[in-house]
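Remarks on the structure that follows.
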Amino acid sequence: MKHHLWRGAFAAAAGLCVCSTGAAADADSSEQVIVTAARIEQSESQVIGAVSVITRQDIEQRGAQSVQELLRGSTGIDITNNGGLGKLSNVFMRGADAEQVLVLVDGVRLGSITSGTTAFELVPVEQIERIEIVRGPRSSLYGSDAIGGVIQIFTRRAQGPSFSVGAGSNETYEGSASFGMSSPDAWLSVSASYLETEGFNSCSGAPFPPGGGCFTIEPDRDAFDSTSGSLRAGYRLSDRADFEATALYAKGTTEFDGFTNEADFIQRVLSLRTRVQPSEQWRLTLLAGQSRDKQDNFFDDPFLDDERVRTAVFETEKRTLSLQSDFTLSDTQVLTLGVDYVDDRVESTTEYNATARDNVGVFGQYQLALGAHQFQLSARHDDNEQFGGYGTGSFGWRWALSPNLSLMAAWGSAFGAPTFNDLYFPGFSNPDLDPESSRSCELGLEGRLGFVQWSVSAFENRVDDLIVFDVATSTPNNLNEARIRGIETQASASLGEWGLSLGYTALDPRNRSPGPMFDNILPRRARHSGHFEVSRAFGPVDARARLNAQSSRYDDVSNSIRVGGYATVDLVLEYALTPEWSVQGKIANALDRDYRTVRFFNQDDRGYFLNVRYRPQ
């Protein structure tokens, strides 16, 4: 039965329940500008909700080679990976499934229409300027899929010429170069990168029961290579009008184990944004975008020299058009109205009963500052071609108890439409699935004590008709209800040359559907996770150590298969030869921990990487 979720934003306050969450940025204590939380620019102190930011400086200081590596250990986020660089990586946010996390690149939706997930493993980290992570439901602003939250990736904004080259374990080689220039009225940024690795054996599966994983034995090295580039160009027509175009492109090949064991991929995102300000109080933003996800799958016999055989092609495309109007009613009031159009299309050698659908969403948001109180009220109605109309709403409140202490509370509803694989994949689908719906509440504190910035928070999310794969029937089905509760806490400090950062998430994700699996833990969610990072500058030397840890998790709905927990340590040492030149060495998994995040799929042993970088000051 379809659940029509229209809950007006004015009823949101009545929906607040006794639970809690928080809003705090990660280690950087300076005020940053956030755009994802409310679809308009806000300083951190204005944001109502839990937001973290990963900057370009963070990416370089940590020596990260992938997006999943960047996100691992982040508060509220759980990562699973099927065997190293370029292998399937799923992101769970606050216990929400990977399909329930909306991913944007420069405002444009990214992700496969067939699987419903984003191939984070294929997004080139060298093309990223920053990442904003908004935890908690945002369907009232963005529509479907934002049950767990929103991750927005912003492409590079290069300043002058820069480049880097590096090499390391598993015959890994990496190189990147970027160039940027600007004038008062125009700007241009171009970046390119290449990454290749011979990898390691990604899967230790078996070809028959009681085997699993990749259902084969291929004790080979599973390589990965990626060539990528990004472009950002804009022009200011006047003080009240400008436009900007962005592009992100990546292509390459990834190898894995199974009946299909190799894929050529293409990831592409294009956007064109125009801003017009007819008056001081009114601004219009028009965004047109397209994202493309293509995977050409093959079987290449690892024991023979035969040519690889194509097994399937999946090409999906999202076309986006958005018009947003922001009205500054007064110094303390902002009204936002908008409409989004998304057109999803599939082309595949696999026969789907439907190959296209569109969605039109109309939304409104009202923000009010009243003394020490801030309010954010939003509502949205989506008309989905397959599932009809769905309404969502949210309410947020922030109370500045003092200049260094704030109390926050929020309520929100969200929904997620089933994917094309869920509905139509031959032999493993269910065309009778209903969309998922959720109701979430949050409450938390954040503040500053001397040089320490901290937050403590909690949340509860109830999801109806949660879509899970039933191994017994080999089809996806709707659970009656799932209940996810959690507590997040994080803190950061900067004391002279020392820097400290820590985060911890406790999660209780439960199946609340009547039956034999009632109260089971939802699969692939670690109940405890976190990170601790310490850094120290010694003149031209920057040294840092980062601990990422997760408890055990279940790999199935019945909670019969357990994957052990782990703790890994990464060590990074960077030496500035000159203000522009630096050399960086990294030891990943320095304790050589043997661990997995998904049953049968291996993670890398201790690894080494050396990088030389030139960047203008």
> Just by modelled atom types, is the Arg232 backbone N or O under 3.5 Å from a matching donor or acceptor in the Arg157 side chain?
Replying inline: no
> Tyr390 vs Phe415 aromatic rings, parallel, tilted or perpendicular, using cut-offs 30° and 60°?
Replying inline: parallel
> Could you go step by step and tell me if Arg240 and Glu280 meet the salt bridge (charged side-chain N to carboxylate O under 4.0 Å, His left out) rule?
Replying inline: CA-CA 9 Å; Arg240 294 191 174 182; Glu280 292 292 336; 2.9 Å; yes
> Judged by atom type as modelled, is there a donor-acceptor pair below 3.5 Å linking the side chain of Thr274 to the main-chain atoms of Phe243?
Replying inline: no
> Would a distance-only check, ignoring hydrogens and angles, find a side-chain to backbone donor-acceptor pair under 3.5 Å from Gln333 to Ser330?
Replying inline: no
> Do Leu377 and Gln365 come within less than 4.5 Å of each other through their side chains, counting heavy atoms only?
Replying inline: no
> How about Asp78 and Arg553: do any of their side-chain heavy atoms sit closer than 4.5 Å?
Replying inline: yes
>> Can a side-chain donor-acceptor contact be found between Ser45 and Ser43 if the only test is distance below 3.5 angstrom?
In response: yes
> Just wondering, do Leu337 and Phe363 contact through their side chains at under 4.5 Å, heavy atoms?
Replying inline: no
> Just checking, is any N or O donor in the side chain of Asn520 or Asn511 under 3.5 Å from an acceptor N or O on the other one?
Replying inline: no
> Of all residues at least two apart in sequence or in a different chain, which pass the ring-ring contact (aromatic ring centres under 6.0 Å, His included) check with Phe327?
Replying inline: Trp282
> For Thr36, does its backbone N or O pair with a side-chain atom of Glu132 as donor and acceptor, under 3.5 Å?
Replying inline: yes
> Side chains of Glu121 and Asn81: donor-acceptor distance under 3.5 Å anywhere?
Replying inline: no
> Could you go step by step and tell me if Arg319 and Asp358 meet the salt bridge (charged side-chain N to carboxylate O under 4.0 Å, His left out) rule?
Replying inline: CA-CA 9 Å; Arg319 301 173 182 177; Asp358 60 40; over 6 Å; no
> Looking only at atom types and distance, does a side-chain atom of Ser457 sit under 3.5 Å from a main-chain N or O of Gly444, one as donor and one as acceptor?
Replying inline: no
>> Closer than 3.5 angstrom, by distance alone: can the side chain of Ser144 be matched with the main-chain N or O of Ala417 as a donor-acceptor pair?
In response: yes
> When rounded to the nearest 0.5 angstrom, what is the spacing between CG in Asn404 and CZ in Arg448?
Replying inline: 7.0 Å
>> What I'd like to find out is whether the side chain of Pro509 reaches to under 4.5 Å of the side chain of Ile521, using heavy atoms alone.
In response: yes
> Thinking salt bridges, do Asp293 and Lys318 make one under a 4.0 Å N-O criterion?
Replying inline: no
> When you look at Glu317 and Arg292, which way does the salt bridge (charged side-chain N to carboxylate O under 4.0 Å, His left out) test go after all the steps?
Replying inline: CA-CA 5 Å; Glu317 183 180 329; Arg292 179 188 178 202; over 6 Å; no
> Hey, is Glu533 close enough to Arg546 for a salt bridge, meaning N to O under 4.0 Å?
Replying inline: yes
> Are any side-chain N or O atoms of Asn478 and backbone N or O atoms of Asp434, one a donor and one an acceptor, separated by less than 3.5 Å?
Replying inline: yes
>> Surrounding CG of Asp519 (heavy atoms of other residues, nucleotides or ligands, distance under 6.0 Å), is the total greater than 12?
In response: yes
>> Checking side chain to side chain donor-acceptor pair (under 3.5 Å) between Glu481 and each of Arg462, Arg510, Arg512, which is the one that passes?
In response: Arg462
> Quick one: are Leu71 and Ile133 in side-chain contact, heavy atoms under 4.5 Å?
Replying inline: yes
>> Whether the side chain of Ser291 engages the backbone of Arg109 through a donor-acceptor N/O pair (distance < 3.5 Å, no angle test) should be reported.
In response: yes
> salt bridge (charged side-chain N to carboxylate O under 4.0 Å, His left out) between Arg135 and Glu488: does it pass, once the steps are laid out?
Replying inline: CA-CA 11 Å; Arg135 304 188 295 279; Glu488 299 171 348; 3.2 Å; yes
> Can Gln290 and Arg268 be said to form a side-chain hydrogen bond (donor to acceptor under 3.5 Å, both in side chains), step by step?
Replying inline: CA-CA 8 Å; Gln290 178 200 61; Arg268 186 185 71 190; 2.7 Å; yes
> Do NZ/NE/NH1/NH2 and the carboxylate oxygens of Arg485 and Glu460 come within less than 4.0 Å?
Replying inline: yes
>> Taking the basic N atoms (NZ, or NE/NH1/NH2) and the acidic carboxylate oxygens, is any pair closer than 4.0 Å for Glu41 and Arg283?
In response: no
> Yes or no on side-chain hydrogen bond (donor to acceptor under 3.5 Å, both in side chains) for Ser271 and Asp106, after CA distance, side-chain angles and deciding distance?
Replying inline: CA-CA 7 Å; Ser271 76; Asp106 296 324; 4.9 Å; no
>> So if I apply the side-chain contact (heavy atoms from CB on, under 4.5 Å) rule between Leu321 and each of Asp343, Val342, Leu286, which one comes out positive?
In response: Leu286
> Taking it one step at a time, do Asn430 and Thr475 satisfy side-chain hydrogen bond (donor to acceptor under 3.5 Å, both in side chains)?
Replying inline: CA-CA 6 Å; Asn430 181 356; Thr475 60; 5.4 Å; no
> Would a distance-only check, ignoring hydrogens and angles, find a side-chain to backbone donor-acceptor pair under 3.5 Å from Gln367 to Val334?
Replying inline: no
>> Do Arg138 and Leu102 make a side-chain contact, defined as non-hydrogen atoms from C-beta onward lying under 4.5 Å apart?
In response: no
> Between Thr114 and Ser112, is a side-chain hydrogen bond (donor to acceptor under 3.5 Å, both in side chains) present by the stated rule, with each step listed?
Replying inline: CA-CA 5 Å; Thr114 52; Ser112 169; 2.8 Å; yes
> Between the main-chain N or O of Ala414 and the side-chain N or O of Ser139, is there a donor-acceptor pair closer than 3.5 Å?
Replying inline: no
> Would you call Asp340 and Arg39 a salt bridge, taking side-chain N to carboxylate O under 4.0 Å as the test?
Replying inline: yes
> Once you round to the nearest 0.5 Å, how far does CD1 of Ile153 lie from CZ of Arg130?
Replying inline: 12.5 Å
